[in-house]
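Take a look at the structure set out below.
Counting from 1, the numbers follow the sequence of the chain as shown. Order of appearance sets the numbers: ligands from 1, and atoms from 1 within every ligand. These numbers were taken from a predicted model, which means no experiment stands behind them.
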Amino acid sequence: MSDFVVIGGGVIGLMLARQLLQGGARVTVLEAGQCGREASWAGGGIVSPLYPWRYSPAVTALASQAQRLFPALCSELLAETGIDPEHQQTGLLMLDAPDAGDALAWAQQQGVPMVRQEADQLASREPQLAVGFASGLWMPQVANVRNPRLLQALLASLRQHPHCRLREFAPVLAVGDGHADLAAGERVTAGQVVVCSGAWSGELLAASGVALPVLPVLGQMLLYRLSPGWLTTMVLHEGRYAIPRRDGHVLVGSTLEQRGFDKTITDEARGALQAAAEAMLPGLRGVAPLRQWAGLRPGAPEGVPFMGRVPGHERLWVCAGHFRNGLVLSPASAQLLADMLLGRTPAIDPAPYRPVKCAPFPLPEA
Ligand SMILES: Cc1cc2nc3c(=O)[nH]c(=O)nc-3n(C[C@H](O)[C@H](O)[C@H](O)COP(=O)(O)OP(=O)(O)OC[C@H]3O[C@@H](n4cnc5c(N)ncnc54)[C@H](O)[C@@H]3O)c2cc1C
């Protein structure tokens, strides 16, 4: 029997499994499909919340710690597996943010580098940028990570660990104290069970009689192929962004849609994302996107994830609801939950993330 069963092989579940194994535990991961193929694969990989000053201190605390952890984590994964998650500090340029004053005050208070750029400074910051933006906010330390590679590296590392059991195509139908019931009829038992099932976490817990407000929020993305170095920084305007990868791919995201678990991509989203991308980067006009895809973010009220013991249960835990920030928050979330599960003193106060039962919630907008 494992010490821990982790349900869900997205970035949250895999990162948690890694932390628990590093703490000396035996871990089984149960994944409904293939590990790392849902939201964590679909995301953009920005290692920062978009407009970070608009989030609560609970999100900022996790993001700050995770940003410190990412460079060493990616180096360790590269050394262990030969797979490079491509953590690259390109900086983030935010254009015409209406609350720039709040942003600068937040950055000063947090000690985060952020510089206001006037209209005539923008072209030298990013040569591909359209003319006409009035101002920008430049965050030079913001990085992005190639999330599919991060997941491949995490998986490769877990696969070679003698105390890790990865079971794919093992959908869980119901959970309880110290057990998970598979659709195939098998009951898997462990000292503790942790639900890391992303957008499906609310549904899974509801099937076990626990109400937790985690809902799917769809996001669609486009991928372009340009030459390496075509775009040098991440750019963001009115919630739409472009992210350069090292090999010249540029990702453009993303939509925010609530239509249950439907992941169908739409022409409407493609058109809206293309228009937003071309307005920021006119060199994209006439370039056809290479691919379009969609993923289901695990939405929670104000984007604050639920992390901790499930109310009314001794041996059932949850780590879900990371909404738009699961990739950036993952190392810090995993560390916090592992600290709690392994009886260590948490580096971050767990109180703001404690799972609570509450009423249905409005779509977070940040
Ligand atoms: C378009 C888009 C862009 C994004 N961009 C960014 C970004 O730039 N930066 C950032 O930080 N975040 C970003 N995000 C958000 C981020 O991707 C998510 O917050 C994060 O991936 C959530 O990770 P997760 O492990 O909780 O969920 P998932 O990756 O969805 O993993 C959950 C896993 O649980 C499995 N599962 C579900 N139910 C069961 C069951 N009953 N039994 C067994 N397994 C089950 C699923 O199959 C899945 O593999 C983006 C998301 C999207 C969609």
Side-chain angles (χ1 to χ4, degrees), residues 5-17 29-50 52 59 62-63 66-67 70 92 142-148 150-151 154-155 167-175 180-183 188 193-208 214 216-223 234 236 240-241 243 251-257 261 263 265 269 273 292-300 303 305-307 318-334:
V5 160
V6 171
I7 303 172
V11 73
I12 300 297
L14 298 181
M15 208 71 95
L16 175 63
V29 177
L30 301 174
E31 163 56 46
Q34 281 179 282
C35 288
R37 300 297 298 177
E38 291 290 348
S40 304
W41 181 90
I46 303 176
V47 186
S48 169
L50 299 174
V59 172
L62 290 172
Q67 285 163 338
F70 252 106
L92 172 65
V142 176
N144 68 76
V145 67
R146 194 158 184 166
N147 36 311
L150 173 68
L151 291 156
L154 279 169
L155 267 174
R167 294 183 61 180
E168 297 188 305
F169 304 104
V172 173
L173 280 189
V175 288
D181 295 332
L182 298 185
V188 181
V193 169
V194 192
V195 174
C196 300
S197 311
W200 295 266
S201 301
E203 195 186 54
L204 178 57
L205 284 164
S208 305
V214 176
V217 182
L218 187 85
Q220 300 194 47
M221 299 277 288
L222 298 180
L223 178 71
M234 292 182 280
L236 169 66
R240 300 277 152 91
Y241 52 81
I243 307 169
L251 278 77
V252 170
S254 61
T255 62
L256 275 176
E257 304 166 62
F261 290 94
K263 283 199 298 181
I265 55 170
L273 291 173
Q292 180 181 2
W293 65 79
L296 294 170
R297 307 176 186 92
F306 292 108
M307 294 190 279
V318 65
C319 186
H322 293 75
F323 189 43
R324 304 192 81 174
N325 299 311
L327 290 158
V328 51
L329 303 185
S330 58
S333 292

Any heavy atom of [X] sitting closer than 4.0 Å to ligand 1?
{"X": "Gly45", "value": "yes"}
{"X": "Pro171", "value": "yes"}
{"X": "Gly253", "value": "no"}

With distance as the sole test, does [X] use its side chain to make a donor-acceptor pair with the main-chain N or O of [Y] at under 3.5 Å?
{"X": "Arg297", "Y": "Pro216", "result": "no"}
{"X": "Asn147", "Y": "Ser40", "result": "yes"}
{"X": "Gln292", "Y": "Gln220", "result": "no"}
{"X": "Glu38", "Y": "Leu296", "result": "no"}

Number the atoms of ligand 1 from 1 as they appear, then name those within less than 4.0 Å of a heavy atom of Gly44, with their elements.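 In order of numbering, the contacting atoms are 3 (C), 4 (C), 5 (N), 6 (C), 7 (C), 8 (O).
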
From [X] [atom1] over to [Y] [atom2], what is the distance, rounded to the nearest 0.5 angstrom?
{"X": "Tyr241", "Y": "Leu92", "atom1": "OH", "atom2": "CG", "value": "11.0 Å"}
{"X": "Arg324", "Y": "Leu50", "atom1": "CZ", "atom2": "CG", "value": "5.0 Å"}
{"X": "Trp200", "Y": "Ile7", "atom1": "CH2", "atom2": "CD1", "value": "14.5 Å"}

For [X] and ligand 1, does the shortest N/O to N/O distance drop below 3.5 Å?
{"X": "Leu296", "answer": "no"}
{"X": "Ala32", "answer": "yes"}
{"X": "Val328", "answer": "yes"}
{"X": "Ala39", "answer": "yes"}
{"X": "Val11", "answer": "yes"}
{"X": "Ala170", "answer": "no"}
{"X": "Gly43", "answer": "no"}
{"X": "Gly326", "answer": "yes"}

[X], portion touching ligand 1 at heavy-atom distance under 4.0 Å:
{"X": "Leu173", "answer": "neither"}
{"X": "Tyr241", "answer": "side chain"}
{"X": "Arg324", "answer": "backbone"}
{"X": "Phe323", "answer": "backbone"}
{"X": "Ser40", "answer": "both"}

Provide the closest heavy-atom pair for Phe323 versus Ala300 in the form atom of the first, atom of the second, distance.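 Scanning both residues, the minimum pair turns out to be CB-N, 4.4 Å.
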
Search all heavy atoms of Cys319 against all heavy atoms of Ser333 and return the closest pair with its distance.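 What the structure gives for the nearest pair is SG-CB, 4.3 Å.
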
How far is [atom] from its nearest protein heavy atom, and which residue and atom name does that atom have?
{"atom": "atom 9 (N) of ligand 1", "value": "Ile46 O, 3.0 Å"}
{"atom": "atom 35 (C) of ligand 1", "value": "Glu31 OE1, 3.2 Å"}
{"atom": "atom 31 (O) of ligand 1", "value": "Gly10 CA, 3.3 Å"}
{"atom": "atom 42 (N) of ligand 1", "value": "Val172 N, 2.9 Å"}
{"atom": "atom 51 (C) of ligand 1", "value": "Arg297 CG, 3.6 Å"}
{"atom": "atom 1 (C) of ligand 1", "value": "Met221 CG, 3.4 Å"}

Any heavy-atom pair between the side chains of Val194 and Val318 that's under 4.5 Å?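 With C-beta onward as the side chain, the pair stays apart.
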
